[in-house]
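Worksheet: the structure to be examined is printed underneath.
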2 protein chains.
Amino acid sequence: MAKLDFSPIADTTRRAEIVALLRRAILTGQLEPGQKLNELRISEQMRVSRAPLREAMRELVQEGILTSIPYAGTFVIEVTAKDIIDAYSLNQVLDEFAIERTWPQRDQRFFDELDRRHEAVKQATRALDTTRQIETALQLHGLIYEWADNSVLLETWQRLTSRLQMYFALHQRARNEPVPAEDVHETYVALLKGSDMRAAQRHAREHIDLDFEELLAYARGLEKRASKN
Amino acid sequence: MAKLDFSPIADTTRRAEIVALLRRAILTGQLEPGQKLNELRISEQMRVSRAPLREAMRELVQEGILTSIPYAGTFVIEVTAKDIIDAYSLNQVLDEFAIERTWPQRDQRFFDELDRRHEAVKQATRALDTTRQIETALQLHGLIYEWADNSVLLETWQRLTSRLQMYFALHQRARNEPVPAEDVHETYVALLKGSDMRAAQRHAREHIDLDFEELLAYARGLEKRASKN
DNA sequence: GACAAGCAGATTGTCGACAATCTAACAAGA
DNA sequence: TCTTGTTAGATTGTCGACAATCTGCTTGTC
């Protein structure tokens with residue numbers, strides 16, 4: 001018997017594809033916060049009936065990036081400064097925990113994967129592909145969650161990631177400047193390879209704070225704009 | 001204008017009611033782990049069509065208490081010892097965070113609500129209503145999350161609660177002994193009213209560990225039983 | 001002109017039927 | 001006997017149509 005591991009084949013339901021399409025549209029900012037999703041229009045565009053579309057939307061509502069009001073409609077969640085603060089402060093706590101749990105599990109495969117994902121970020125950065133840059137950066141960051149060997153923690157992180165990705169995408173979209181070309185993950189990766197766990201935890205917190213400041217400034221702008229209405 | 005606050009009226013969609021019914025059935029253990037949910041049968045029993053039932057099931061899948069395999073079916077999640085360990089270790093971290101954030105927000109209303117919920121637990125305990133005892137104990141515990149003023153944290157806790165409630169219900173169901181009559185929450189409540197935050201955090205961790213030991217023993221039993229198949 | 005009642009139009013919620021897929025039992029062949 | 005192909009039944013996935021609800025406009029009345 002050959003020692004070949006087959007991975008499970010992809011889900012081939014329309015529902016699953018719709019979920020993926022919608023999620024991507026929301027997380028890249030193509031569907032803007034507060035925007036209403038018209039079931040009939042979308043189902044016609046996608047050439048599917050409303051049943052699988054509605055089921056897909058229910059999933060995304062539970063995932064926290066859509067919100068639904070009975071008989072009124074389903075909307076992309078609004079983003080407030082407080083949401084971003086809340087998400088980040090929780091992320092800091094989870095990061096510390098994930099690093100603590102991952103630390104004793106680190107091995108060569110971990111380091112290799114770390115490098116691989118780091119490389120992906122650098123490549124997206126060079127290509128000036130902002131969307132992909134956000135995606136890959138979050139994947140790099142997510143490695144400690146995948147290695148923490150705690151399924152509930154991983155799930156929680158993945159839920160949080162959806163929002164973080166959305167926040168970053170909105171932020172990037174708002175400012176039309178080019179993406180920062182320098183690599184901000186060098187130290188993070190180095191510390192994860194090192195032997196000082198506390199230092200890694202501290203840096204994770206500080207590094208996040210860095211991007212956070214910018215994001216928060218953007219969020220405050222949103223607030224001000226909203227209060228005018 | 002009278003100063004009357006109206007709360008939002010209940011969602012009157014079949015879907016919402018189905019979600020509530022199913023969730024309750026799962027969390028009280030009426031639907032057992034691993035059990036398959038036959039759409040036709042359930043929809044006939046509830047006298048609804050399969051559409052709202054399926055949408056409800058999608059929600060519960062995302063909520064983490066159901067799992068779905070395309071063209072095969074939707075099942076109540078299986079419970080392993082590791083799941084319980086994972087949920088609890090995350091819960092400890094979140095507890096510490098929630099207490100830290102709630103601490104400066106405590107006021108008279110907080111203390112009143114704390115007493116009210118504590119009373120509810122004691123009442124359920126006296127009435128030997130195990131299901132309600134679990135429910136009220138988790139609600140008491142959830143107060144620090146509601147007062148932490150962090151919506152993402154609260155959401156995360158509520159997701160985790162579903163599982164914890166399910167684990168406890170299974171545990172209680174497994175052992176046919178009567179419920180412990182003593183009140184294990186006295187110290188917890190007292191510490192939350194006190195002035196030593198660290199002590200409260202420490203106790204939250206230890207107290208949970210207490211129940212945890214029992215739960216874990218039960219989970220290991222599950223493991224062993226499963227490995228025979 | 002202000003305001004309430006009532007009437008379209010559009011949109012969401014629900015239904016019953018059909019199509020796609022899986023499972024298990026059975027038959028055929030090596 | 002074991003494997004492989006076939007088939008029938010059951011179950012899930014998807015569709016199109018209808019019912020319930022909301023929104024905004026119009027109309028009529030004061």
Side-chain angles (χ1 to χ4, degrees), chain A residues 1-2 4 6-23 25-26 31-63 65-78 229, chain B residues 1 6-23 25-26 31-63 65-78 229:
Chain A
M1 175 82 81
L4 178 56
F6 286 106
S7 56
I9 64 167
D11 295 348
T12 56
T13 59
R14 298 191 195 287
R15 183 180 71 238
E17 289 192 46
I18 295 170
V19 166
L21 269 176
L22 281 182
R23 186 189 290 121
I26 296 166
L31 283 169
E32 292 176 12
Q35 190 172 340
K36 177 173 177 177
L37 278 70
N38 185 310
E39 297 177 1
L40 196 59
R41 202 165 52 75
I42 295 178
S43 68
E44 281 171 354
Q45 286 177 358
M46 290 187 178
R47 306 283 179 82
V48 295
S49 75
R50 284 172 54 221
L53 172 63
R54 282 173 59 86
E55 288 185 21
M57 284 164 73
R58 279 331 131 223
E59 289 191 23
L60 294 175
V61 166
Q62 284 308 105
E63 206 174 299
I65 60 181
L66 288 181
T67 176
S68 164
I69 303 173
Y71 289 107
T74 305
F75 308 82
V76 178
I77 57 165
E78 298 275 5
N229 305 352
Chain B
M1 176 79 85
F6 286 106
S7 57
I9 65 168
D11 294 349
T12 56
T13 60
R14 298 192 196 288
R15 184 181 70 238
E17 289 191 46
I18 296 170
V19 166
L21 269 176
L22 282 181
R23 185 189 291 122
I26 296 166
L31 283 169
E32 290 174 13
Q35 190 171 340
K36 177 172 176 178
L37 278 68
N38 184 309
E39 297 179 1
L40 196 57
R41 202 165 51 74
I42 294 179
S43 68
E44 281 169 356
Q45 286 177 357
M46 291 189 179
R47 306 284 179 82
V48 295
S49 74
R50 283 173 55 222
L53 172 63
R54 282 173 59 86
E55 289 184 20
M57 284 164 74
R58 269 346 121 212
E59 288 191 23
L60 294 175
V61 166
Q62 284 307 105
E63 207 173 300
I65 60 181
L66 289 181
T67 176
S68 165
I69 303 172
Y71 290 108
T74 305
F75 308 82
V76 178
I77 57 165
E78 298 274 5
N229 305 352

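Chain letters run A, B, ... following the sequence lines, proteins first, then strands; residues in each count from 1.
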query = From the list C/dC15, D/dT12, D/dC15, which nucleotide is the closest neighbour of the side chain of A/Pro52?
reply = D/dC15
B/Ala51 vs B/Leu40, nearer the 5' end of DNA chain D by closest nucleotide = B/Leu40
Quickly work out the [X] [atom1] to [N] [atom2] distance and round it to whole Å.
X	N	atom1	atom2	value
B/Glu44	D/dT11	CD	P	10 Å
A/Arg50	D/dC15	CZ	P	12 Å
A/Arg54	D/dC15	CZ	P	14 Å
B/Glu59	C/dG13	CD	P	11 Å
B/Leu53	C/dC15	CG	P	10 Å
A/Glu39	D/dT14	CD	P	16 Å
A/Glu55	D/dT12	CD	C1'	10 Å
B/Tyr71	D/dG9	OH	P	21 Å

key: Pairwise 5' ranking along DNA chain C for A/Gly73 and B/Val48, keeping only the more 5' one   = A/Gly73
Below 4.0 Å: OP1/OP2 of D/dG13 and any side-chain N or O of B/Arg58 = yes
ask   = OP1 or OP2 of D/dT14 less than 4.0 angstrom from a side-chain nitrogen or oxygen of A/Ser49, does that happen here?
value = no
How is [X] classified with respect to the nucleic acid when contacts are heavy atoms under 4.0 Å: base, sugar-phosphate, or nothing?
X	value
A/Leu37	sugar-phosphate
A/Arg15	sugar-phosphate
A/Arg14	sugar-phosphate

Could you state the interatomic distance from [atom1] ([X]) to [atom2] ([Y]), rounded to the nearest 0.5 Å?
X	Y	atom1	atom2	result
A/Arg23	A/Glu59	CZ	CD	8.0 Å
A/Leu53	A/Leu37	CG	CG	8.0 Å
B/Glu44	B/Arg50	CD	CZ	10.5 Å

Side-chain touch A/Val76/A/Leu66, heavy atoms, less than 4.5 angstrom = yes
ask   = Under 6.0 Å from the CD atom of A/Glu32, do we count more than 12 heavy atoms belonging to anything else shown?
value = no
